[in-house]
*Asks:* 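Please see the structure below; I have some questions.
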There are 2 protein chains.
Amino acid sequence: MSGEPIRVLLADDQAMIRGGLAALLDLETDISVVCQLDSGAGLAEAVAEHGIDVAILDIEMPEVDGLAAAAALRETRPDCAVLIVTTFGRAGYLRRALEAGVRGFVVKDTPAEELAEAVRRVHAGASAFDPDLLAESLSAGQNPLTERERQVLRCALDGSPVRQIAKALFLSPGTVRNHLSAAIGKVQASTRAEAAVIARDRGWL
Amino acid sequence: MSGEPIRVLLADDQAMIRGGLAALLDLETDISVVCQLDSGAGLAEAVAEHGIDVAILDIEMPEVDGLAAAAALRETRPDCAVLIVTTFGRAGYLRRALEAGVRGFVVKDTPAEELAEAVRRVHAGASAFDPDLLAESLSAGQNPLTERERQVLRCALDGSPVRQIAKALFLSPGTVRNHLSAAIGKVQASTRAEAAVIARDRGWL
DNA sequence: ATCGGCCCATGACAGTTGTCACGGGGTCCG
DNA sequence: CGGACCCCGTGACAACTGTCATGGGCCGAT
């Protein structure tokens with residue numbers, strides 16, 4: 001908390017939110033927002049260029065989402081701490097974040113004052129995870145879906161009939177129905193649509 | 001822009017966003033955020049108590065959503081300007097907002113600086129509507145769905161089978177299927193799930 | 001009072017969906 | 001090598017879904 005301020009990068013696709021969070025952080029004397037992005041694309045370059053200490057990333061972003069960007073950043077810049085700030089407190093997101101080496105995970109429901117505190121914590125090498133979500137994530141278990149099942153469910157999200165899904169994935173209709181059936185069973189749903197929303201809400205995509 | 005600052009109320013269910021927007025607005029010398037809510041409930045009372053000039057409302061909120069709150073406020077406090085600030089730029093939302101007598105509608109994608117400007121505009125009696133969205137709203141046409149059809153589609157959003165929807169709405173399964181069929185035809189979908197997402201994305205709920 | 005709209009319901013039909021059993025193909029691991 | 005797991009596919013069956021025709025009741029507008 002002495003000497004140079006913490007150099008922060010802020011990535012969120014909603015400009016107004018980005019501006020708000022930046023205003024919030026700039027109130028703190030020991031934190032300085034030196035770079036803003038509207039996507040995860042180009043994160044590593046920006047981190048290198050601006051000498052970023054902490055990268056604050058939203059998850060839902062176009063092109064490259066926050067979790068993918070975090071994973072990529074870990075490869076090239078493991079010394080830069082990552083703090084995920086997201087709307088959706090989904091257990092699967094937290095799990096993926098942990099696997100990506102993220103040091104903090106905060107949902108946008110939490111009080112504004114805690115944001116700066118989380119930044120300080122991850123910068124100091126500590127962690128900053130939403131406790132409720134952490135518990136939920138640990139109890140929720142692994143993502144049981146296979147790659148194909150996830151693809152099929154993603155296509156089913158918008159209500160497409162089997163034939164369209166099959167065409168989109170270059171599969172036989174029968175195969176698609178088999179994958180759907182397997183997925184439905186794994187998430188304990190009774191309909192493809194139900195299975196799709198359940199999987200989405202759990203962050204299993 | 002002289003004398004007393006504009007007295008603003010801020011309603012958003014995400015505490016961190018609320019704090020960010022408040023920080024943003026407090027940077028302006030002629031604007032003062034004097035009250036914050038996490039829901040549309042109790043809006044009229046808060047407006048009366050704090051002598052609010054401009055109420056900034058999010059749409060997606062628990063209990064009472066921003067559009068319903070705006071409509072209710074119009075009844076009791078027509079002198080208080082309402083500015084909607086939302087994530088989702090759906091044409092149906094803007095239409096409902098206009099019907100509720102809202103004076104401004106801004107999506108969170110727009111640059112942060114424009115928020116304060118929008119507040120000043122609606123306070124001055126002018127309007128502040130996202131131009132792209134306004135055009136889309138005018139060209140999109142009215143919501144063609146009946147009340148029942150909307151209810152049924154809302155239930156269908158999570159993928160429930162007909163029997164569950166019927167039970168939830170105290171209807172015969174056959175009736176539910178009729179309503180679904182009508183709705184599917186109106187939104188030009190081919191599946192209930194598809195119809196549900198289309199209707200949702202248009203703000204027809 | 002007649003028309004139109006919305007609501008509710010029933011029955012019947014073709015098409016789709018969910019499930020199962022079964023086959024084949026790969027890979028990775030003990 | 002056999003086994004486990006994933007992938008792809010087929011065929012068949014019961015259940016569900018989307019559509020249509022048809023009927024009734026309740027409004028509000030013409």
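Given the structure is predicted, the values throughout are model-derived calculations rather than measurements. Proteins come first, then strands; the chains are lettered A, B, ... in the order of their sequence lines, and each starts at number 1.
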*Asks:* Please determine whether a side-chain nitrogen or oxygen atom of R163(B) lies at a distance below 4.0 Å from atom OP1 or OP2 of dC16(D).
*Replies:* yes
*Asks:* Decide, yes or no, whether a salt bridge links E147(A) with R150(A) under the criterion of side-chain N to carboxylate O below 4.0 Å.
*Replies:*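 Yes, this pair counts.
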*Asks:* Between the base of dC20(D) and the side chain of N178(B), is there a donor and acceptor pair under 3.5 angstrom?
*Replies:* yes
*Asks:* Would you tell me whether Q151(A) and R148(A) have side-chain atoms, one donor and one acceptor, within less than 3.5 Å of each other?
*Replies:*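 Yes, because at least one side-chain N or O of Q151(A) sits under 3.5 Å from a partner of the opposite role on R148(A).
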*Asks:* Roughly how far, to the nearest 0.5 Å, is the CD1 atom of I52(B) from the CZ atom of R77(B)?
*Replies:*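 Interatomic distance, R77(B) CZ to I52(B) CD1, rounded to 0.5 Å: 10.5 Å.
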*Asks:* Expressed in angstrom and rounded to an integer, what is the separation of E149(B) atom CD from dG5(C) atom C1'?
*Replies:*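 Rounding to the nearest Å, CD of E149(B) and C1' of dG5(C) are 11 Å apart.
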*Asks:* Just how far, in rounded Å, is C1' of dT16(C) from CD of E194(B)?
*Replies:* 14 Å
*Asks:* Measure from the side-chain heavy atoms of T146(A) and tell me the nearest of dC7(D), dT17(C), dC7(C).
*Replies:* dC7(D)
*Asks:* Closest approach to the side chain of L180(A), judged atom by atom: which nucleotide of dG9(D), dT17(D), dG18(C) is it?
*Replies:* dG18(C)
*Asks:* Which is more 5' along DNA chain C, the nucleotide nearest T191(B) or the one nearest L169(B)? Just name the residue.
*Replies:*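 Looking at the nearest nucleotide for each, L169(B) comes out on the 5' side.
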*Asks:* Does dA9(C) have its OP1 or OP2 closer than 4.0 Å to a side-chain nitrogen or oxygen of T175(B)?
*Replies:* yes
*Asks:* To the nearest angstrom, how far is R192(B) atom CZ from dT19(D) atom P?
*Replies:* 11 Å
*Asks:* Which heavy atom of V64(B) sits nearest a heavy atom of A69(B), and at what distance?
*Replies:*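 Nearest pair, atom of V64(B) first, then A69(B): CG1-N, 3.8 Å.
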*Asks:* How long is the line joining CD of Q151(B) and C1' of dC6(C), in whole Å?
*Replies:*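 Answer to the nearest Å: 13 Å.
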*Asks:* Tell me which nucleotide among dA9(C), dG18(D), dC7(D) gets nearest to the side chain of I184(B).
*Replies:* dG18(D)
*Asks:* How long is the line joining CD of E147(B) and P of dG5(C), in whole Å?
*Replies:*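 Distance, rounded to whole Å: 19 Å.
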*Asks:* Can you tell me if R148(B) touches the phosphate of dC8(C), counting only side-chain N or O atoms and a distance under 4.0 Å to OP1 or OP2?
*Replies:* yes
*Asks:* If I take atom CZ in residue R177(A) and atom P in nucleotide dG9(D), what distance separates them, rounded to the nearest angstrom?
*Replies:*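 Whole-Å distance recorded here is 13 Å.
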*Asks:* Roughly how many Å is it from CD in Q188(B) to P in dG18(D), rounded to a whole number?
*Replies:* 16 Å
*Asks:* Does OP1 or OP2 of dA9(C) have a side-chain N or O of H179(B) closer than 4.0 Å?
*Replies:*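 No, outside the criterion.
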*Asks:* Measure CG/L153(A) against C1'/dG18(C) and give the value in whole Å, please.
*Replies:* 14 Å
*Asks:* Counting any heavy atom closer than 4.0 Å, what does S181(A) reach on the DNA or RNA strands: base, sugar-phosphate only, or nothing?
*Replies:*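 Contact class for S181(A): base.
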